[in-house]
Protein chains: 2
Amino acid sequence: MAATRRPTLADVAREVGVSAKTVSRVLNEDGPSSPETRARVLDAVARLGFQPNLMARNIRVGGPDTTVGLVVPNLGNPFFGTVAGGIEDAIRERGLTLLMGSSAEDAGRERQLTDTFLARRVSVLMVVPSVDADHGHLKSQRAAGLPVVFLDRPGSGIAADCVVSDNRAGTREGVAHLLGKGHRRIGFIGDIPPKLYTRRERLAGYRDALVHAQLPYDKALVVGTHDEAGAAEAVRRLLALPEPPTALFAANNIVALGAVGELARTGRAHDVALVAFDDLPLAGVLDPGLTVVAQNPAELGRAAARTALARLDGDRSRARTVTVGTELVARGSGELGV
Amino acid sequence: MAATRRPTLADVAREVGVSAKTVSRVLNEDGPSSPETRARVLDAVARLGFQPNLMARNIRVGGPDTTVGLVVPNLGNPFFGTVAGGIEDAIRERGLTLLMGSSAEDAGRERQLTDTFLARRVSVLMVVPSVDADHGHLKSQRAAGLPVVFLDRPGSGIAADCVVSDNRAGTREGVAHLLGKGHRRIGFIGDIPPKLYTRRERLAGYRDALVHAQLPYDKALVVGTHDEAGAAEAVRRLLALPEPPTALFAANNIVALGAVGELARTGRAHDVALVAFDDLPLAGVLDPGLTVVAQNPAELGRAAARTALARLDGDRSRARTVTVGTELVARGSGELGV
DNA sequence: CTGAAAGCGCTAACAT
DNA sequence: ATGTTAGCGCTTTCAG
């Protein structure tokens with residue numbers, strides 16, 4: 001089948017017997033046009049299956065493209081998927097489209113993606129920063145009027161808007177929940193690398209709770225890992241300590257999966273208390289139900305979109321950080337005796 | 001802060017004292033260039049922070065834009081997120097970028113998204129079709145050389161490539177697993193509307209298994225619902241029948257959540273067997289472990305990308321359907337006595 | 001109400 | 001090895 005050339009404005013104009021500009025006027029409801037020409041133009045458009053070339057339009061108009069560039073670590077993680085959904089909800093009504101890519105937490109890939117997005121002249125750039133990424137190169141873009149929003153974690157080397165969960169307060173609340181049940185030795189299983197923003201904040205919340213309860217910080221109770229198997233191993237190590245913890249705090253959903261699994265396999269699920277950061281689908285069905293500090297990823301996305309749209313509307317105030325609250329959802333696993 | 005105009009090729013050319021075409025040549029490694037001009041051009045590019053305008057380039061070159069348009073029902077569903085991740089993996093090395101939107105299973109929104117993507121002259125269009133959507137309008141696009149791939153479900157009104165899970169065989173295997181344990185009355189909890197492709201195929205697999213076991217099809221055992229609460233209600237109704245089923249098949253992950261929850265709450269988790277279509281994160285940790293027919297969403301995405309890239313490379317053979325296999329993961333819940 | 005000409009930023013096709 | 005001209009598909013600007 002021959003690759004027929006797509007019809008252009010000129011084709012439609014020729015078909016109708018008017019100038020290209022007239023067709024453009026009708027389609028964009030720019031300037032006036034007689035009802036009759038209007039009808040004939042629309043008819044020809046439908047007949048030819050004409051679709052205006054948005055790229056050509058954008059290049060002429062000169063403004064940014066009607067896209068929002070979004071970089072996340074991993075598209076398959078429902079947390080980031082839901083964030084993206086929240087963003088899309090908020091930008092759709094403004095006629096903006098989402099351009100997405102995943103960095104796999106790699107600074108180089110992140111840079112490559114943001115460069116591509118910049119070359120596409122996105123209207124807004126949103127990034128979940130990778131650990132070692134530097135964002136100094138975005139300064140000039142921001143200066144030139146491009147809204148830049150960091151999601152889930154702050155960017156580095158640049159003052160830009162940022163939307164994050166209240167990791168510290170959320171963790172403090174989760175750990176306080178365990179302390180309230182009488183636990184005095186609480187293990188913390190966190191991310192790797194320790195310098196990851198969310199890990200740092202959550203660990204800070206853990207320490208806050210200990211300080212408030214006038215308990216010492218014992219670094220033997222703090223372990224870092226980055227996958228499910230590692231988390232299982234971490235649980236084993238913690239419970240094998242001379243003075244083992246009676247409760248555990250799993251600082252993210254991956255680690256939580258590993259911890260829940262290990263406790264279940266070793267028959268200690270009703271024996272060791274557990275609270276996790278970030279909710280999971282079957283959390284309420286487990287026995288005992290998994291108590292979590294739930295984040296609000298959709299709201300994270302919506303807040304980021306709101307911030308960016310305000311910038312597009314001319315808001316030139318200084319960069320701000322929006323903190324989205326978390327919610328402790330008690331389902332039982334945090335209420336086991338010491 | 002003044003919105004400084006972005007530098008263009010001409011700006012770089014002026015800065016260096018060469019023609020725009022020379023700069024273009026250096027940047028695209030087109031034609032020859034003396035090492036010296038090359039160095040000076042690259043220097044000026046870096047100094048000015050020049051980034052070529054991809055849209056302008058594309059419009060001149062005339063080909064499609066280097067983007068892949070993808071419509072999914074819901075970005076937050078990890079199944080579709082993982083599909084998207086698989087696609088991205090496969091297209092990145094070709095320099096293609098993902099343009100995404102969610103339809104919320106609404107034909108109108110789906111159409112709006114595909115129209116936007118077409119106006120952007122995407123290189124490839126991938127769609128998870130909404131139930132009532134018609135795709136006749138894509139015929140001319142396909143004829144004009146645009147690769148169109150339907151994902152997870154076939155499109156309607158057009159012959160185009162399609163990549164789906166083996167819903168029927170997978171369900172047959174899952175139900176056969178239950179039959180093998182001696183169950184003779186097996187409830188089926190499926191999607192709404194019944195005409196949804198995946199629902200139909202899975203129901204067909206269920207019937208296949210019954211036929212093979214020479215058991216009658218009892219439509220009192222088949223219920224449709226579309227959310228977790230509905231699934232819980234469906235379980236209650238099925239178990240309240242005069243001759244209740246001794247096993248259940250949950251035809252998707254949402255329904256599975258509801259079924260697992262209801263069985264757990266009513267203390268019948270060890271009493272009623274259960275197999276679900278599509279895997280879930282904590283499935284292995286439940287007691288009993290949830291037996292599932294696992295799909296392979298990443299492979300679904302990669303296969304779709306492979307098909308589309310082959311089309312871009314000139315494959316003009318007739319539209320084909322790629323079926324991605326499923327895997328029965330037995331974890332216990334399917335092995336409970338009758 | 002409509003059209004002609006110019007030009008957005010870039011590259012193909014021909015010079016030189 | 002580099003420059004010139006023309007033009008991608010559209011809209012702006014200015015005339016009618």
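Letters A, B, ... mirror the listed sequences (proteins, then strands); counts begin at 1.
Counting atom types as modelled, A:Arg60 pairs a side-chain N or O with a base atom of C:dG7 as donor and acceptor under 3.5 Å. Not a single donor-acceptor contact under 3.5 angstrom links the side-chain atoms of A:Arg121 to the base of C:dG9.
As judged by a 4.0 angstrom heavy-atom cut-off over every strand, B:Asn28 is placed among residues touching the sugar-phosphate backbone only. At the heavy-atom level, B:Ser33 lies under 4.0 Å from the strands shown only through sugar-phosphate atoms.
With respect to B:Arg6 and B:Asp11, no salt bridge is recorded, no charged nitrogen being found less than 4.0 Å from a carboxylate O.
Computed from coordinates, the A:Asp30 CG to D:dC14 C1' distance equals 14 Å when rounded to whole Å. Per the geometry, CZ belonging to B:Arg14 stands 14 Å off P belonging to D:dG3, to the nearest Å. At whole-Å resolution of the value, CZ in A:Arg6 and P in D:dC10 are 11 Å apart. C:dC8 atom P lies 20 Å from atom CZ of B:Arg57, rounded to whole Å. Taking atom CZ of A:Arg120 as the reference point, atom C1' of C:dC10 lies 15 Å away to the nearest angstrom. Atom CG in B:Asn53 sits about 14 Å away from atom C1' in D:dG9, given to the nearest Å. Nucleotide D:dC8 holds its P atom 19 Å from the CG atom of A:Asn58, rounded to whole Å. The nearest whole Å value for the distance from the CE atom in B:Met55 to the P atom in D:dT11 is 13 Å.
A:Asp161 pairs in a salt bridge (charged side-chain N to carboxylate O under 4.0 Å, His left out) with only one of the listed residues (A:Arg311, A:Arg318, A:Arg320), which is A:Arg311.
The 5' end of DNA chain D is approached more closely, in terms of each residue's nearest nucleotide, by B:Arg38 than by the other of B:Arg38 and A:Gln51. Nearest-nucleotide assignment on DNA chain C puts the 5′-proximal partner with B:Ile59, out of B:Ile59 and B:Lys21.
For the OP1/OP2 pair of D:dT2 and a distance below 4.0 Å, the side-chain nitrogens and oxygens of B:Thr37 include at least one atom meeting the criterion. For the OP1/OP2 pair of C:dC1 and a distance below 4.0 Å, the side-chain nitrogens and oxygens of A:Thr22 include no atom meeting the criterion. In terms of phosphate contacts, B:Thr8 brings no side-chain nitrogen or oxygen within less than 4.0 Å of OP1 or OP2 of C:dG9. Regarding contacts with the backbone of C:dT2, a side-chain N or O of A:Ser34 is found under 4.0 angstrom from either OP1 or OP2.
Closest approach to the B:Ser24 side chain among D:dG9, D:dT11, C:dT11 is made by C:dT11 (side chain taken as heavy atoms from C-beta onward). Here the side chain of A:Arg5 is nearest to one of C:dC10, D:dG9, C:dT2, namely D:dG9.
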Side chain to side chain donor-acceptor pair (under 3.5 Å) assessment of A:Arg120 paired with B:Thr66: CA-CA 10 Å; A:Arg120 289 190 170 280; B:Thr66 54; 2.6 Å; yes
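Residues B:Phe117 and B:Val71 meet the side-chain proximity criterion, which asks for heavy atoms closer than 4.5 Å. Looking only at side-chain heavy atoms (C-beta outward), A:Arg47 and A:Glu15 come within less than 4.5 Å of each other.
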